[in-house]
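Working notes for the structure below.
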Amino acid sequence: MKNNLIVLLGPTGVGKTELSIELAERIGSEIISADSRQFYRELSIGTAVPSDDQLRRVKHHFIRFISINEYYSSSIFERDVLELLPALFKKRNIVIMSGGSCMYIDAVCNGIDNIPDTDPEIRQKYIRLYDEEGIAGLRVALKLLDPVHYSRVDLKNHKRIIRALEICETTGMPYSSFLKKEKNEREFEIIKIGLRRDRDDLYGRINRRVDEMIEMGLESEARSLYSSRDLNALNTVGYRELFSYFGGSVTRDKAIELIKRNSRRYSKRQMTWWAKDDSISWFHPSEKEKILEIITHL
RNA sequence: GGUGCCAUAGCUCAGUCGGUAGAGCAACGGACUGAAAAUCCGUGUGUCCCCGGUUCGAUUCCUGGUGGCACCA
């Protein structure tokens, strides 16, 4: 009997959480979360993690399991998921992975090229270079160390250039030499099921959900994290805007409005990412029976 | 009721001494290989309130409407 990973994906707010739990209950599987901000145990309201009730209904993995102070990445996620899956497949030949973090989902489905770990100090060094000399300084360094990548990379995106530079310096080889871009074969089938809604409908849900988060106490959750605001894990919609409010640069109402806007923009970016993936079968979240049909006939 | 001011993009407004218009925000499109809810790139989307008039040509000037605001009654 072959093993199947059902990848349930969709933009933020589309309704993945509840549907994934209902599906998992029906087929008796467990759920792997592929939401990179639900990984952090310090965050809950702003990341819309499943409720305690929901977590009791179905066993979830990768929910609130690391600290915002820890380093994590899509590559580590790939490794962690691939290590966990055999145990899950022993219990049931179907596992559901549900989430919206595009790059993390890709890491599990297709793999990421093997690139050596880097020393955080080296990244810091290039961040300093960026602060002092701007994007131009980064470009000069990259052109020297990896002319191939220099000709391909988005030369206005400092994060991309810094990433390439830190690899070049760590390994003594050009970053581009590590990029094979080959799809890694998996020992299980991958069935991608995408959830989508009309834009007005989705945006309405996003706006309402932000109001609900505020009612549930997002402000105090964010306030308790304010001293850690510079951590990458907190450079996240729902928190950064409230930090601006705490810092006095925007009003509370404006911050809430910005959370809504940035959530909407995020959902659009997710849809753009998936638009070119023709292996996804798309459904409206209400089409549960149709989706079950597919899953149960595997 | 009278007088004055205003009406231009989704919003706030600029502008055209008459040659069909532009900023900010919003919106929209895209990129993405170990920070990714991050980061970056691109795009003006318009009966210039309406009916007439003057003019080769009116969003711009003029009559008259309509709506809004202010002041006087």
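First the proteins, then the strands, lettered A, B, ... as listed; each starts at 1. Because the structure is a prediction, the values reported are computed rather than measured.
- For the P atoms, the distance from rG64(B) to rG53(B) is 16 Å, rounded to whole Å.
- Across the strands present, rC49(B) finds its partner in rG65(B); the criterion is a Watson-Crick or G-U wobble pair with both atom distances under 3.5 angstrom.
- In the hydrophobic cluster analysis, where Ile, Leu, Val, Met, Phe, Trp and Tyr join through side-chain heavy atoms closer than 4.5 angstrom, Val108(A) is grouped together with Met103(A).
- Side chains of Ser279(A) and Asp277(A): a donor on one and an acceptor on the other come within 3.5 Å.
- Across every strand in view, rA35(B) sits unpaired, with no contact that passes the Watson-Crick or G-U test at under 3.5 angstrom.
- If you take CD of Gln270(A) and P of rA31(B), they are 15 Å apart, rounded to a whole angstrom.
- When distances run from any side-chain atom of Tyr203(A) to the nucleotides rA36(B), rC28(B), rG30(B), the shortest one goes to rC28(B).
- The distance from atom CZ of Arg229(A) to atom C1' of rA38(B) is 19 Å, rounded to the nearest whole Å.
- Separating the P atom of rG1(B) from that of rG65(B) is a span of 13 Å, rounded to the nearest Å.
- As rounded to whole Å, 14 Å separates atom C1' of rA27(B) from atom CG of Asn262(A).
- For Lys276(A), the side-chain atoms get nearest to rC32(B) when compared with the rest of rC32(B), rA35(B), rG29(B).
- For Thr272(A), the side-chain atoms get nearest to rC32(B) when compared with the rest of rA37(B), rC32(B), rU33(B).
- Partner of Thr272(A) under the side-chain hydrogen bond (donor to acceptor under 3.5 Å, both in side chains) criterion, out of Arg269(A), Lys268(A), Gln270(A): Lys268(A) alone.
- With a cut-off of 3.5 Å on both Watson-Crick or G-U wobble distances, the partner of rA14(B) is given as none.
- Aromatic rings from Tyr245(A) and Tyr226(A) are positioned such that their centres are separated by 6.0 Å or more.
- Between Val237(A) and Trp273(A), the residue anchored nearer the 5' end of RNA chain B, judged by the nucleotide with its closest heavy atom, is Trp273(A).
- Summarising the geometry, the separation between CZ on Phe39(A) and C1' on rA35(B) is reported as 13 Å, rounded to the nearest angstrom.
- A salt bridge is absent between Glu133(A) and Arg128(A): the closest approach of a Lys/Arg side-chain nitrogen to an acidic carboxylate oxygen does not fall below 4.0 angstrom.
- As rounded to the nearest Å, rC48(B) and rC71(B) have C1' atoms that lie 29 Å from one another.
- One interatomic measurement links the two molecules: CG of Leu9(A) to P of rA36(B), which rounds to 18 Å at whole-angstrom precision.
- In this structure, rA58(B) makes no Watson-Crick or G-U wobble pair, since no nucleotide meets both defining distances under 3.5 angstrom.
- Among the heavy atoms of the strands lying under 4.0 Å from Gly46(A) is at least one base atom, whether or not backbone atoms are also near.
- Using a cut-off of 4.0 Å between Lys/Arg side-chain N and Asp/Glu carboxylate O, Lys125(A) and Glu169(A) are scored as salt-bridged.
- Atom CD1 in Ile45(A) sits about 20 Å away from atom P in rA37(B), given to the nearest Å.
- Residue contacts for Thr236(A): at a heavy-atom cut-off of 4.0 Å it reaches a base atom on one of the strands shown.
- The residue among Ala48(A) and Lys254(A) whose nearest nucleotide of RNA chain B lies closer to the 5′ end is Lys254(A).
- The interatomic distance linking Lys268(A) (NZ) with rA38(B) (P) rounds to 15 Å, in whole Å.
- As judged by a 4.0 angstrom heavy-atom cut-off over every strand, Thr47(A) is placed among the base-contacting residues.
- Salt bridge Glu189(A)/Lys2(A): absent, no basic N to carboxylate O contact under 4.0 Å.
- The nucleotide rA70(B) finds its pairing partner in rU3(B), both defining distances of the Watson-Crick or G-U wobble pair being shorter than 3.5 Å.
- rA38(B) atom P lies 16 Å from atom CG of Asp230(A), rounded to whole Å.
- One finds no side-chain N or O of Arg264(A) lying less than 4.0 angstrom from the OP1 or OP2 phosphate oxygen of rC28(B).
- Taking atom P in both rU54(B) and rA73(B), one finds a spacing of 41 Å when rounded to whole Å.
- Of the candidate nucleotides rA27(B), rA35(B), rU33(B), rU33(B) has the atom lying nearest to any side-chain atom of Tyr175(A).
- The gap from the C1' atom of rG24(B) to that of rA36(B) amounts to 29 Å, rounded to the nearest Å.
- Here Ser101(A) does not reach the OP1 or OP2 of rA36(B): none of its side-chain N or O atoms lies under 4.0 Å away.
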Write out a two-atom table: protein N or O, nucleotide N or O from nucleotides 9-11 of chain B, distance below 3.5 Å.
none

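- Nucleic acid contact for Tyr239(A): none, since no nucleic acid atom lies under 4.0 Å from a heavy atom of the residue.
- Between rG19(B) and rU60(B), the two P atoms lie 11 Å apart (nearest whole Å).
- Ser51(A) and Asp53(A) form no side-chain donor-acceptor contact under 3.5 Å, judged by distance and modelled atom types alone.
- Counting only heavy atoms from C-beta on, Arg199(A) has its side chain closest to rG29(B) among rA36(B), rA35(B), rG29(B).
- For Arg264(A) and Thr12(A), the side-chain atoms include no donor-acceptor pair closer than 3.5 Å.
- Of the side-chain N and O atoms in Tyr71(A), one or more sit less than 4.0 angstrom from OP1 or OP2 of rA35(B).
- Checking rA36(B), rA37(B), rU33(B) against the side-chain heavy atoms of Ile115(A) singles out rU33(B) as nearest.
- Within the nucleic acid shown, Asn184(A) has no heavy atom closer than 4.0 Å to any nucleic acid atom.
- Here the separation of rG15(B) from rG57(B), taken at their P atoms, is 27 Å to the nearest Å.
- With rA36(B), rA27(B), rG29(B) as the choices, the nucleotide that has an atom nearest any side-chain atom of Arg265(A) turns out to be rA27(B).
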Inset, instruction - Produce a footprint string for nucleotides 39-45 of chain B: one letter per nucleotide, 5' end first; B if the base is under 4.0 Å from any protein heavy atom, S if only the sugar-phosphate is, - if neither. - result: BSSS---
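- rG29(B) is paired with rC41(B) under the criterion used here, namely a Watson-Crick or G-U wobble arrangement in which both key atom distances are under 3.5 Å.
- Within the 4.5 Å cutoff, the side chain of Arg56(A) has no heavy atoms near those of the Gln54(A) side chain.
- For the C1' atoms, the distance linking rA35(B) with rC25(B) amounts to 29 Å, nearest Å.
- At the phosphate of rC32(B), neither OP1 nor OP2 sits under 4.0 Å from any side-chain N or O atom of Arg163(A).
- The ring of Tyr72(A) has its center no closer than 6.0 angstrom to the ring center of Tyr40(A).
- Looking at Glu30(A), its side chain never comes within 3.5 Å of a backbone N or O of Val58(A) through a donor-acceptor pair.
- Taking the six-membered ring for Trp and thresholds of 30 and 60 degrees, Phe65(A) and Phe62(A) have ring planes more than 60 degrees apart, a perpendicular arrangement.
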